[in-house]
Novice: 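Take this structure, written in structure tokens, and hold onto it; I'll ask about it next.
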Amino acid sequence: MNPKQRIIQLREELNRHNHNYYVLNRPEITDREFDMMLKELERLESENPDMEDPLSPTRRVGSDLSGGFEHVRHVRPMMSLSNTYSTGEVDEWFERLGRGLGGEKFSITGELKFDGTSISLTYRNGRLVRAVTRGDGTQGDDVTANVKTIRSIPLQLLPGNWPEEFEIRGEILMPWDVLEKLNQERAYNEEPLFANPRNAASGTLKTHDPREVAKRQLDARFYYLLADKLPSSSHFECMEAAREWGFKVSPAMQRLNSLDDVEHFIAFWDQERRKLPVATDGLVFKIDSIAQQEELGYTAKSPRWAIAYKFNPEQACTPLRFVSFETGRMGVVTPVANLEPVLLSGTIVKRASLHNDDIIRQLDIHESDWLYVEKGGEIIPKITGVDFSRRLPEANPVRFVSHCPECGSVLVRVEGEAAWKCPNVYGCPPQLIGKIEHFCARRMMNIDGIGEETARLLFDKGLVRDPADIYSISSAQLSSLDRFGEKMAQRVMLGIEASLQVPFERVVHALSIPNVGETTARRIARAVGSMERLRTMTEEELTALPDVGPIIARSIYEWLRIPENSRMIDRLTEAGLQMKTDENDMSPKGRSLEGKTIVISGTFTHHSRDEYKELIAAHGGKNSGSISRKTSFLLAGDSIGPAKLEKCGSLGIPLVSEEDFLAMISDPEQARQ
């Protein structure tokens, strides 16, 4: 392949990896592999100037822009930093600074490079007014409503000498312990696990329901202050001031006065970072003097006065003992590499998911291969490659199983996906046990005492084959089981009785309908009102429900028409479960908005857009997606688009704030004014 062909190939690959990383939150390669490809492209482009392209990946930062959020232009571009994995390159950068400043003395600020998702916050008169993601560096997504749920981010600053208006930049993070709990839940629900805290934080920040964001317990660290009038000419002192105003600034930030200081800083944090509660993937070094930063300036994509030193991910090579295949609650069969135990990032790694058949083929894994395992910034061990030099000549390729390892059924490929599934939904033990456990879990029916172990025991003893059987078991049957006594049996029976009061929306979630998670179940339950109505709906009617597209609609429609499911619902209904929404929730809340047509725009703090649509309907109003002369008022959140504001102004349509709207529906007299 000639250099020009390689340039084209690298650009295509890097653009695809950028999309996977920033938009889909599903990276296929490591950061180091990406950076090495980018460096190769930079070199080839410098050697072939006739191939210059202003849209090359070397000329821009990756983009995390996504649909559903208003795009906001940054007042000052958010550029990426030049990366290096070599202390020698850090030394060269330090020497370039000296030359660029004409021998003038300078200090460096050393910082941790937190592995999260970049954020820019704007404050006015000490109050948070806007939060925007990095996006493509020029514009980003307005995520103000979501950021307001993060408790470590101040909404109102502490007293101080803060500028009237300023911007502060940092990273939104998910702590290790929060990620571990979240992945445990996702594994239980057979959802794809977050590979690292960065993906988890980024995916959470792009969730459209602030209440869901609040549950994820995100955190933040801040590292750069921008304003027309800063509190100091020193970057380090600016961040110390920001700390006093209420921002979470890392105590690891340190002034460094020599190259020796920089190298000691690297050596220290290469070890100490493993003790931190949040993920880091390197260090950042910046010229401390803001005047010197301005003097050194920028390249096309990064500042000359800063550099990121990235730690090499910790890696080990260990023999593959065997690949096991495990069937989950929804029938998906997952291959797992069982390894000779190896110490990695402070923990013993024995197993690592291979995810699907495609990954096994891409890695070209053979029996008894020596596999490279990484954990570095990853909480989940990841197989990254094979040491082909150690492959045994007689070793056969690892083949994905053709039959379910639990019940022997012939597996089927999921259309459009890499997953193989066991179709024996009503006879495969792990699927049946998994559905029983899911039904009883805390966020579903909350039947205390029936977890994974008890669900398996009840199934193995023939007492429970599906969730409806739970309501037929007796205290005496439970007491006779191994590890059960009267107290334990009584605890379970009380949990079963209490589950009869669980709201309909949680019953829908508990049924394990494919593709119906907690949020979708809640929206469906509130929209349809009862199981009786849900069972009679067509696919077209289901598709029209909030959060239900064609795929989910088909899943619900087909699931409800399977005889086993239909009989289970009948038995659950006879047992006394809540199969309809409480009438108080379904009935109109009032007529305060009767005759009014309302348009919703912006981001909100107290409720999501869909919830405001429900409130408008519940109080007799009509929601419209576009502004016209018939519009009564605009329900205005933060960050409304200028076009809508202009149209409201030209038509004389009033703007109603979130707080005034909530007061309006609670006070009919105010609504009539």
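One is the number of the first residue; the rest follow in order along the sequence.
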Novice: Going through the checks in order, is the ring-ring contact (aromatic ring centres under 6.0 Å, His included) test met by Tyr224 and Trp305?
Specialist: CA-CA 13 Å; Tyr224 202 64; Trp305 44 266; 5.6 Å; yes

Novice: Identify, with sequence neighbours excluded, every residue that meets side chain to side chain contact (heavy atoms under 4.5 Å, CB included) alongside Arg127.
Specialist: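 Side chain to side chain contact (heavy atoms under 4.5 Å, CB included) list for Arg127, sorted by chain: Gln156.
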
Novice: Restricting to salt bridge (Lys or Arg N to Asp or Glu O under 4.0 Å), what partner residues turn up for Asp228, sequence neighbours left out?
Specialist: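 Asp228 satisfies salt bridge (Lys or Arg N to Asp or Glu O under 4.0 Å) with Arg76 only.
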
Novice: Between Phe265 and Tyr309, does the ring-ring contact (aromatic ring centres under 6.0 Å, His included) criterion hold? Intermediate values first, please.
Specialist: CA-CA 11 Å; Phe265 192 79; Tyr309 169 80; over 10 Å; no

Novice: Is there any salt bridge (Lys or Arg N to Asp or Glu O under 4.0 Å) pair reaching into residues 83-97, and which pairs are they, with sequence neighbours excluded?
Specialist: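 Residue pairs passing salt bridge (Lys or Arg N to Asp or Glu O under 4.0 Å), neighbours aside: Lys39-Glu89.
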
Novice: Does the side chain of Asp50 reach to within under 4.5 Å of the side chain of Lys4, using non-hydrogen atoms?
Specialist: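 In contact.
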
Novice: Do any side-chain atoms of residues 233-244 form donor-acceptor pairs under 3.5 angstrom with protein atoms, and if so which ones, sequence neighbours left out?
Specialist:
from	atom 1	to	atom 2	distance (Å)
Ser234	OG	Phe236	N	3.3
Ser234	OG	Glu237	N	3.1
Ser234	OG	Arg255	NH2	3.0
Ser234	OG	Asp288	OD1	3.2
Ser234	OG	Asp288	OD2	2.9
His235	NE2	Glu111	OE2	2.6
Glu237	OE1	Ser232	OG	2.7
Glu237	OE2	Arg255	NH2	3.1
Glu240	OE2	Arg243	NH2	2.7
Arg243	NH1	Val249	O	2.5

Novice: Kindly write out the residues that satisfy salt bridge (Lys or Arg N to Asp or Glu O under 4.0 Å) with Lys229, not counting sequence neighbours, or none if the list is empty.
Specialist: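 So Lys229 forms no salt bridge (Lys or Arg N to Asp or Glu O under 4.0 Å) with any residue.
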
Novice: Just to verify, what does Glu104 make a salt bridge (Lys or Arg N to Asp or Glu O under 4.0 Å) with, not counting sequence neighbours?
Specialist: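 Counting only residues at least two positions away or on another chain, Glu104 forms no salt bridge (Lys or Arg N to Asp or Glu O under 4.0 Å).
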
Novice: Under the side chain to side chain contact (heavy atoms under 4.5 Å, CB included) test, which residues partner Pro3, sequence neighbours left out?
Specialist: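 So Pro3 forms a side chain to side chain contact (heavy atoms under 4.5 Å, CB included) with Leu44, Asn48.
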
Novice: Is a salt bridge present between Arg273 and Asp281, judged by a nitrogen-to-oxygen distance below 4.0 Å?
Specialist: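 The answer is no: the pair does not qualify as a salt bridge.
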
Novice: Using 4.0 Å as the upper bound for N to carboxylate O, is an ion pair formed by Glu167 and Arg169?
Specialist: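 Salt bridge between Arg169 and Glu167, a charged N being under 4.0 Å from a carboxylate O: yes.
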
Novice: Can you find a heavy atom in the side chain of Leu81 that is under 4.5 Å from one in the side chain of Ser302?
Specialist: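 No - every pair of side-chain heavy atoms lies 4.5 Å or more apart.
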
Novice: I'd like to know if Asp369 pairs up with Arg390 as an ion pair, taking the criterion as any Lys NZ or Arg NE/NH1/NH2 lying under 4.0 Å from an Asp or Glu carboxylate oxygen.
Specialist: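 Here Asp369 does not pair with Arg390 in a salt bridge, since their nearest N and O are not under 4.0 Å apart.
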
Novice: Suppose we screen for side-chain hydrogen bond (donor to acceptor under 3.5 Å, both in side chains). Which residues come up paired with Glu12, at least two apart in sequence or across chains?
Specialist: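 Testing Glu12 for side-chain hydrogen bond (donor to acceptor under 3.5 Å, both in side chains), a comparison that skips the adjacent residues, returns none.
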
Novice: Would you say that Ser118 contacts Glu171 through its side chain, given a criterion of any heavy-atom pair below 4.5 Å between the two side chains?
Specialist: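 A side-chain contact exists here, since the closest heavy-atom pair is under 4.5 Å.
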
Novice: Tell me, do Asp142 and His71 make a side-chain contact under 4.5 Å, heavy atoms counted?
Specialist: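 Of all side-chain heavy-atom pairs linking His71 with Asp142, none is under 4.5 Å.
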
Novice: Check whether any side-chain heavy atom of Arg6 sits under 4.5 Å from a side-chain heavy atom of Leu10, and report yes or no.
Specialist: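 When only atoms from C-beta onward are counted, Leu10 and Arg6 do touch, with a gap below 4.5 Å.
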
Novice: Can you list everything that forms a ring pair (Phe, Tyr, Trp, His ring centres under 6.0 Å) with Tyr123? Sequence neighbours excluded, please.
Specialist: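 In terms of ring pair (Phe, Tyr, Trp, His ring centres under 6.0 Å), with neighbours along the sequence ignored, Tyr123 is linked to Phe166, Phe247.
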
Novice: What pairs with Asp261 under salt bridge (Lys or Arg N to Asp or Glu O under 4.0 Å), at least two apart in sequence or on another chain?
Specialist: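 Applying salt bridge (Lys or Arg N to Asp or Glu O under 4.0 Å) to Asp261 gives none.
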
Novice: Could you check whether any side-chain heavy atom of Thr138 comes within less than 4.5 Å of a side-chain heavy atom of His74, counting everything from C-beta outward?
Specialist: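 With C-beta onward as the side chain, the pair stays apart.
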
Novice: Under the side chain to side chain contact (heavy atoms under 4.5 Å, CB included) rule, collect the residues that match up with Val213, sequence neighbours excluded.
Specialist: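 So Val213 forms a side chain to side chain contact (heavy atoms under 4.5 Å, CB included) with Asn146, Thr149, Thr204, Thr207, Leu218.
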
Novice: With a 4.5 Å limit on heavy-atom distance, are the side chains of Leu283 and Leu112 in contact?
Specialist: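 The answer is yes, as the side chains (C-beta and beyond) meet within the 4.5 Å cut-off.
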
Novice: Under the side chain to side chain contact (heavy atoms under 4.5 Å, CB included) rule, collect the residues that match up with Val278, sequence neighbours excluded.
Specialist: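 With sequence neighbours excluded, Val278 shows a side chain to side chain contact (heavy atoms under 4.5 Å, CB included) to Phe114, Leu173, Pro175, Arg221, given in chain and number order.
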
